[in-house]
Amino acid sequence: MMAEYVSSSQHLAGFNRAGQPVNVKQDNQAWQVFASYVLTGEHNTFGLVKPIQNFNPFEGKWGAWQTRGPVDRNRF
């Protein structure tokens with residue numbers, strides 16, 4: 001399982017369509033939780049999973065099967 005959280009704030013300055021100066025504070029937040037599980041016994045990794053045996057269903061070899069799922073939210 002992996003999780004991360006980010007929070008940032010920016011002050012933006014510019015001009016509106018009428019040419020008047022505008023200052024805006026922009027707050028940003030984001031988070032993510034990611035989990036994975038390898039069903040066939042290989043070492044779990046967030047990169048590529050190296051199969052213990054090659055995929056060959058005619059010989060009953062199923063390679064590596066991994067289930068993965070993220071949950072996230074971004075708020076601008």
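Not measured: the values here are computed from a predicted model.
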(message) So, taking the atom named OG1 in Thr45 and the one named NZ in Lys50, what distance separates them when rounded to the nearest 0.5 Å?
(response)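 Those atoms lie 13.0 Å apart.
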(request) Can you measure from CG (Leu48) to CD (Gln66) and round to the nearest 0.5 angstrom? (result)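 Going from CG on Leu48 over to CD on Gln66, the span is 9.0 Å.
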(request) For the residue pair Asn44 and Ser36, establish whether any side-chain heavy-atom pair is separated by less than 4.5 Å. (result)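 The answer is yes, as the side chains (C-beta and beyond) meet within the 4.5 Å cut-off.
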(message) Same cluster or not: Tyr37 versus Trp62, using hydrophobic residues (I, L, V, M, F, W, Y) connected whenever any side-chain heavy atoms lie under 4.5 Å apart?
(response)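 Yes; Trp62 is reachable from Tyr37 via cluster members.
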Exceeds 12 heavy-atom contacts within 6.0 angstrom, atom [atom1] of [X]:
| X | atom1 | answer |
| --- | --- | --- |
| Asn54 | CG | no |
| Phe55 | CZ | yes |
| Trp65 | CH2 | no |

(request) Please answer whether the main-chain N or O of Ile52 pairs with a side-chain N or O of Glu42 as donor and acceptor at a distance below 3.5 Å. (result)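 Side chain of Glu42 to backbone of Ile52, a donor-acceptor pair under 3.5 Å: yes, one is there.
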(message) Please find the pair of heavy atoms, one from Pro70 and one from Phe34, that lie closest to each other, and give the distance.
(response)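 Looking at all heavy atoms of both residues, the shortest contact is CB-CD1, 3.7 Å.
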(request) Determine the minimum heavy-atom distance between Asn74 and Ala30, stating which atoms define it. (result)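 Result for this residue pair: OD1-CB, 3.0 Å.
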Per-pair distances, 0.1 Å, donor-acceptor, side chain in residues 1-13, under 3.5 Å, sequence neighbours excluded:
unit_1 : atom_1 : unit_2 : atom_2 : d
Tyr5   : OH     : Gln29  : NE2    : 3.4
Ser8   : OG     : Asn28  : ND2    : 3.4
Ser9   : OG     : Asp27  : OD1    : 2.9

